[in-house]
Amino acid sequence: MDLVVYNTLTRRKEVFQPLAAGGSQPVSVGDSQGSAAPVAGEKPLVRMYVCGVTVYDLCHLGHARTYVVWDMVRRYLEWRGYRVRYVQNFTDVDDKILKRALERGESMQAVAERFIAEYFQDMDRLNIKRADLYPRATQSLQAMFQLIQSLELKGFAYRVRDPIRHQIDPSSFRQAGHQPETPASVQYSVYYSVRKFPDYGQLSGRKLEEMEAGASGRVGEEGADKQDPFDFALWKAAPPSEPGFASPWGWGRPGWHIECSAMVRETLGDHIDIHAGGADLIFPHHENELAQSEPITGKPMAKYWMHNGFLNINGEKMSKSLGNFTTLRQALAIYHPMALRLFLLQTHYRSPIDLTEAAMQAASRGWETLQKGIHCAQQFCKGEKGSPEAEAMQAFQAAMDDDFGTPGALAVAFELAKELTREHNLFTHQGQTHLEPQALRQKSAALLEILATLGFCWPEVIGYEEIHLAAGSAFKVETVQTQIEAEQIEELIAQRSAARKAKNFSEADRIRDQLKALGITLIDQKDGTTRWLRE
RNA sequence: GGUGGCGUAGCCAAGUGGUAAGGCAGAGGUCUGCAAAACCUCUAUGCGCCAGUUCGAAUCUGGCCGCCACCUCCA
């Protein structure tokens, strides 16, 4: 069975075949016993680049969706037997960072560093795996220079002599510790000439002619020195009083798109497997990246361009002006991180997703359902870790192979979780289960593997106490340290039973409440006896 | 204006030619002194609307209506 992915470039689903298809074929369920993965050295490599954040503020819910989605894709590729080299950049030089630095009287670097740390704090809570590499724009300047020079040489870029001008009051930068540079005699901005690249627009499916109508009247002062309104800056000259970098074109700062072109090339090479990001990046960001890279390398920049849909809030686009801008941190103060992850993965990654209070509550309950299943699964498969049930894993793979169909994959997980919970309850309440221990272990292993592959995490069970099934096979049940001993519980239950027999229900309920407060739940059974369990 | 996408139960959401997955919420029931927990059952003759193709369509075609995104910084 093939993994199929939707490629923005071709606007259709394609069979996924990595460029470096060396070594063995990816493993699929049934190829080998259990979940055995191929030997590490034989795994085909997948080179994946995801556009990261501009670090001038806390992450918002849209970022959460994007990075959860690509984390899921990465994990699934790994589960599928690929070795994924995952690179995600930080844009740490940008006008918005500059503005923030100015407001706070800090250096651009200090602002960037702080929000990078905040980024990791948020993403860790969502259980997003760290990238193999986090290149930063400020550390990739040489690669950018090289690329811009190549573009100039090949005639894709042109220089515009820049008058030294001060856009921002220089004194504010001095306060922030910036030492003005000695002005160069001449400095230039460098622009990319879109007309020179015949394929411009191939990724976003646009033609320059079609866009002109919409763009006319929107080109402001920024584009005053451009030859064409769609040309974009590769290098922007800046007054020496402003933060910037020395370059072959004098003092200035890089254009936004060039950094990714340079970093992709520097970290993963000229032709990578997957280039991913939010749908809003298709145009102009990715279109421009592609236009900058391909004429120089002579190779397609990426084999698969993938984009995730947007997150809306109450049906509206999230934006600061609408007042519905929600930071991840605010959301995580209310909802469990895994409930948010569940919410995000219950929608296909390319569809828009609408976050509402009701939807998040449903997801929170859904996570509770999964958690119960996980808890039961942990107990069922502790000890002998069996292979995951083939039927469930095949259903999971079928859903995921179709362009990462997480909603269908989650349906499999929910069915397993509910079944395991039911079986576990049958056991705790009646002392027996419908299914054989072997089947329970396989289903448990399947549930845990599916959820782990989708990037969910849960606490490991700390201690176990052996319990026995009617079938004679042992399971281990979690025990929690409580201050009450079993004998005391039994004694209180006996007291309560006596009270119940005497129809003294208020006393019986008092004892039940007392135990409840200690985390002990009583279950009155048909035969008159009372079971108890610790929470 | 251009481009792309979407419209499936109260809500979320799969399904892309073979007779509507799953979750959340809800209803009824079993059990109980009351509970708790659990278990069982039920909840779209219908997939925006109208035509067409087909033995058969939520799925394909055409038209219409509605919603959204992108075209400007944006995940």
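Remember, predicted model here, so these are calculated numbers, not experimental data. Heavy atoms only: backbone and side chains are in, while hydrogens, waters and symmetry mates are out. Note on naming: letters A, B, ... go to the chains in the order of the sequence lines (proteins, then strands), and numbering restarts at 1 for each one.
Counting only heavy atoms from C-beta on, A/M318 has its side chain closest to B/A75 among B/A75, B/C71, B/C68. With B/A38, B/A75, B/C70 as the choices, the nucleotide that has an atom nearest any side-chain atom of A/V53 turns out to be B/A75. Counting only heavy atoms from C-beta on, A/R206 has its side chain closest to B/G2 among B/A75, B/C39, B/G2. The nucleotide whose nearest atom lies closest to any side-chain atom of A/H60 is, among B/A75, B/C68, B/A38, B/A75.
For A/L58, the side chain to side chain contact (heavy atoms under 4.5 Å, CB included) test picks out A/F115, A/E118, A/T327, A/R329, with sequence neighbours left out. Partners of A/T529 under the side chain to side chain contact (heavy atoms under 4.5 Å, CB included) rule, at least two apart in sequence or in another chain, are A/Q525, A/D527. The ring-ring contact (aromatic ring centres under 6.0 Å, His included) check on A/W305 picks up A/H275, A/H286, with sequence neighbours excluded. With sequence neighbours excluded, the residues satisfying salt bridge (charged side-chain N to carboxylate O under 4.0 Å, His left out) with A/D124 are A/R130. With sequence neighbours left out, A/R125 forms a salt bridge (charged side-chain N to carboxylate O under 4.0 Å, His left out) with no residue at all. With sequence neighbours left out, the salt bridge (charged side-chain N to carboxylate O under 4.0 Å, His left out) criterion links A/R75 to A/D71. With sequence neighbours excluded, no residue forms a salt bridge (charged side-chain N to carboxylate O under 4.0 Å, His left out) with A/R206. Contacts of A/F120 classified as ring-ring contact (aromatic ring centres under 6.0 Å, His included), with partners at least two apart in sequence or in another chain: A/F90, A/Y134. With sequence neighbours excluded, the residues that form a side chain to side chain contact (heavy atoms under 4.5 Å, CB included) with A/K96 are A/Y56, A/D94.
A ring-centre distance under 6.0 Å is not found for A/Y86 and A/W70.
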For nucleotides 22-27 of chain B, tabulate all protein N/O to nucleotide N/O atom pairs closer than 3.5 Å, reporting atom names and distance.
{"unit_1": "B/C24", "atom_1": "OP1", "unit_2": "A/T369", "atom_2": "OG1", "d": "2.7"}
{"unit_1": "B/C24", "atom_1": "OP2", "unit_2": "A/K418", "atom_2": "NZ", "d": "3.0"}
{"unit_1": "B/A25", "atom_1": "OP1", "unit_2": "A/R365", "atom_2": "NE", "d": "3.2"}

Polar atom pairs (N or O), protein with nucleotides 28-33 of chain B, under 3.5 Å:
{"unit_1": "B/G33", "atom_1": "N1", "unit_2": "A/D509", "atom_2": "OD1", "d": "3.0"}
{"unit_1": "B/G33", "atom_1": "N2", "unit_2": "A/D509", "atom_2": "OD2", "d": "3.0"}

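Atom CG of A/L522 and atom P of B/A36 are 14 Å apart (whole Å). What separates CG of A/D403 from P of B/A14 is a distance of 12 Å, to the nearest Å.
Between A/R512 and A/D509 there is a salt bridge, since a side-chain N of the basic residue sits under 4.0 Å from a carboxylate O of the acidic one.
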Once pairs are restricted to Watson-Crick or G-U wobble with both distances under 3.5 Å, how does RNA chain B read as a dot-bracket string, [ ] for crossings and | for other-strand pairs?
((((((((.[[[..)..(...]]].(((((.......))))).....[[[[[..)....]]]]])))))))....
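Taking side-chain N and O atoms only, A/K372 has no distance below 4.0 Å to OP1 or OP2 of B/A37.
Within 3.5 Å, no donor on the side chain of A/H348 pairs with an acceptor on the base of B/A14, nor the reverse.
A/G52 comes within 4.0 angstrom of the backbone, heavy atoms only, and of no base.
The same atom, P, is picked in B/G22 and in B/U72; the two are 45 Å apart, to the nearest Å.
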